[in-house]
Protein chains: 2
Amino acid sequence: MNSSGSTKERILGAAEVLFAQRGFDGASLRQLTTAAGVNLAAVNYHFGSKDKLVEQVFRRRLDALNASRLTALAKVAGAADTTLEDVLDAYIRPALDLSHDGSGSLFMRVLARAFAEHDDTLRQFLSANYGHVMRQFTAEFARLLPQLSKPELYWRIDLVTGALTHAMSGFGMIQRQKDVSENAHREETARHLIRFAVAGLSHP
Amino acid sequence: MNSSGSTKERILGAAEVLFAQRGFDGASLRQLTTAAGVNLAAVNYHFGSKDKLVEQVFRRRLDALNASRLTALAKVAGAADTTLEDVLDAYIRPALDLSHDGSGSLFMRVLARAFAEHDDTLRQFLSANYGHVMRQFTAEFARLLPQLSKPELYWRIDLVTGALTHAMSGFGMIQRQKDVSENAHREETARHLIRFAVAGLSHP
DNA sequence: GGTCGGTTCAAACGATCGTTTGAGGATACG
DNA sequence: CGTATCCTCAAACGATCGTTTGAACCGACC
């Protein structure tokens with residue numbers, strides 16, 4: 001099937017697809033290794049266990065996402081003329097880019113599924129490894145929205161994140177038309193999200 | 001363990017808890033029947049299969065949720081002095097009530113997980129069985145927001161739903177304090193959600 | 001050529017899964 | 001009492017799971 005890259009990378013690629021389609025429990029190592037065109041034992045040889053493979057699937061994408069977010073944030077943070085749209089763009093666009101990078105728009109489904117499945121485990125993992133990213137964005141939002149108390153700001157960022165996750169996962173009523181390119185759909189999603197988020201964040 | 005109600009109801013109750021905690025694949029019928037205090041074969045006897053049990057878990061809660069939503073909507077829909085807050089309250093509050101009804105705030109996790117797992121299957125199920133509810137709410141939103149085009153309105157309702165789902169599932173940064181009662185937390189969530197949604201729906 | 005670490009392979013391991021079976025208990029009605 | 005119906009039970013079924021094993025392959029280096 002997939003015949004490019006090292007065995008490790010072929011496994012990671014097939015894992016992302018199958019985990020998104022069938023879930024972590026639902027996707028078996030036999031399906032996975034068959035799709036990747038590698039031997040069944042390769043997963044345990046290269047990753048140690050199925051659980052560690054799951055963790056690697058996350059790390060590979062989340063590292064890229066958060067690095068991209070921080071880079072984008074650094075370009076606009078702290079400036080005198082920074083707008084809410086700028087910061088939201090830095091927050092949203094890398095996520096939307098990620099959601100159709102590589103294996104299509106699958107990773108966000110993996111993430112959404114993981115949120116539902118691993119509960120506290122994943123939450124702690126995200127908080128420990130990527131909490132500083134949220135902290136930097138929160139600080140910049142706080143600078144641009146000084147009238148909001150901290151709890152109020154947390155709530156609003158939380159709701160924005162919910163809308164973002166929902167939109168990225170492709171649930172909901174809005175289905176992409178077949179004749180709309182992926183780029184165009186992503187642009188439309190980003191546009192709606194940012195306008196929605198600006199309104200939700202800055203209302204009195 | 002659970003010793004009240006019929007065997008069928010004990011199974012449904014235990015299933016809701018375990019599906020939320022471990023997922024549909026992760027929760028085995030042996031764990032489930034042990035927790036419910038019934039025999040292993042009781043699931044297949046009363047429900048036919050594990051899949052049909054999953055469907056019943058959904059129906060029981062979703063029927064109540066949608067009935068509650070429609071009742072609340074009927075009280076405010078079509079009136080001359082209806083506000084956006086009224087309709088949003090009818091949309092949001094039954095969901096928040098459901099999320100901590102009975103077995104605690106577990107069902108929404110079940111639903112969020114199901115969204116991630118069953119993808120098209122669940123989407124079609126929801127659309128076929130409860131699509132008319134969304135249609136009625138959309139019509140009322142359209143009446144109160146005549147300046148919005150249909151695609152624009154769909155997008156905004158979608159993003160509101162994302163924020164609602166996110167908040168109900170208990171993900172995100174906002175964690176309930178231990179000294180805050182469930183009712184107080186639900187009120188706070190509803191208040192933030194409605195204000196956020198009003199801003200996101202009605203912005204120019 | 002020989003050998004050695006890294007990798008792939010087919011095969012098997014024990015565990016656990018959803019489901020089925022057939023015997024037995026419980027209750028109601030004649 | 002007889003029996004018909006609904007339900008529960010322990011036990012087993014075949015299938016599939018993640019993981020392990022030990023042999024075979026392979027390019028690099030002496």
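All values derive from a computational prediction rather than experimental measurement. First the proteins, then the strands, lettered A, B, ... as listed; each starts at 1.
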Identify all pairs in which a protein N or O lies below 3.5 Å from an N or O of nucleotides 16-18 of chain C, and state each distance.
{"residue": "C:dC17", "atom": "OP1", "partner": "B:Ser28", "partner atom": "OG", "Å": "3.3"}
{"residue": "C:dG18", "atom": "OP1", "partner": "B:Lys50", "partner atom": "NZ", "Å": "2.3"}
{"residue": "C:dG18", "atom": "OP2", "partner": "B:Leu29", "partner atom": "N", "Å": "2.9"}
{"residue": "C:dG18", "atom": "N7", "partner": "B:Arg30", "partner atom": "NH1", "Å": "2.8"}
{"residue": "C:dG18", "atom": "N7", "partner": "B:Arg30", "partner atom": "NH2", "Å": "3.4"}
{"residue": "C:dG18", "atom": "O6", "partner": "B:Arg30", "partner atom": "NH2", "Å": "2.6"}

Enumerate the protein-to-nucleotides 4-6 of chain C contacts in which both atoms are nitrogen or oxygen and the separation is below 3.5 Å.
none

Within the sub-3.5 Å range, which N or O atoms of nucleotides 23-26 of chain C have a protein N or O partner, and how far apart are they?
none

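Salt bridge annotation for B:Asp89-B:Arg93: present, with a cationic side-chain nitrogen under 4.0 angstrom from a carboxylate oxygen. Salt-bridge annotation for A:Arg186 and A:Asp97: present, with a side-chain N of the basic residue lying under 4.0 Å from a carboxylate O of the acidic one. Ion pairing between A:Glu152 and A:Arg156 holds under the 4.0 Å rule for side-chain N and carboxylate O.
Minimum heavy-atom separation, A:Leu144 to A:Val87: CD1-CG2, 3.5 Å. Scanning all heavy atoms of the two residues, the minimum distance from A:Ala163 to A:Phe196 falls at CB-CE2, 4.2 Å.
Taking the side chain to side chain donor-acceptor pair (under 3.5 Å) definition, one finds that A:Arg69 meets it with nothing, sequence neighbours left out. Listed by chain and residue number, nothing satisfies the side chain to side chain donor-acceptor pair (under 3.5 Å) test with B:Glu85 (two or more places apart in sequence, or in another chain).
Phosphate contact (OP1/OP2 of C:dT8, side-chain N/O of A:His46, threshold under 4.0 Å): present. Side-chain nitrogen and oxygen atoms of B:Thr7 include at least one within less than 4.0 Å of the OP1 or OP2 phosphate oxygen of D:dT8.
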Less than 3.5 Å apart, which donor and acceptor atoms pair up between the side chains of residues 42-50 of chain B and the rest of the protein, not counting sequence neighbours?
{"residue": "B:Ser49", "atom": "OG", "partner": "B:Lys52", "partner atom": "N", "Å": "3.3"}
{"residue": "B:Lys50", "atom": "NZ", "partner": "B:Phe24", "partner atom": "O", "Å": "2.8"}
{"residue": "B:Lys50", "atom": "NZ", "partner": "B:Ala27", "partner atom": "O", "Å": "2.8"}

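Residues A:Asp63 and A:Tyr130 have side chains in contact (heavy-atom distance under 4.5 Å, counting atoms from C-beta outward).
In this structure, B:Lys8 atom NZ and D:dT8 atom P are separated by 11 Å, rounded to whole Å. As rounded to whole Å, 5 Å separates atom C1' of C:dC9 from atom CG of A:Asn39.
Between the side chains of B:Thr161 and B:Asp158, no donor-acceptor pair of N or O atoms lies under 3.5 Å.
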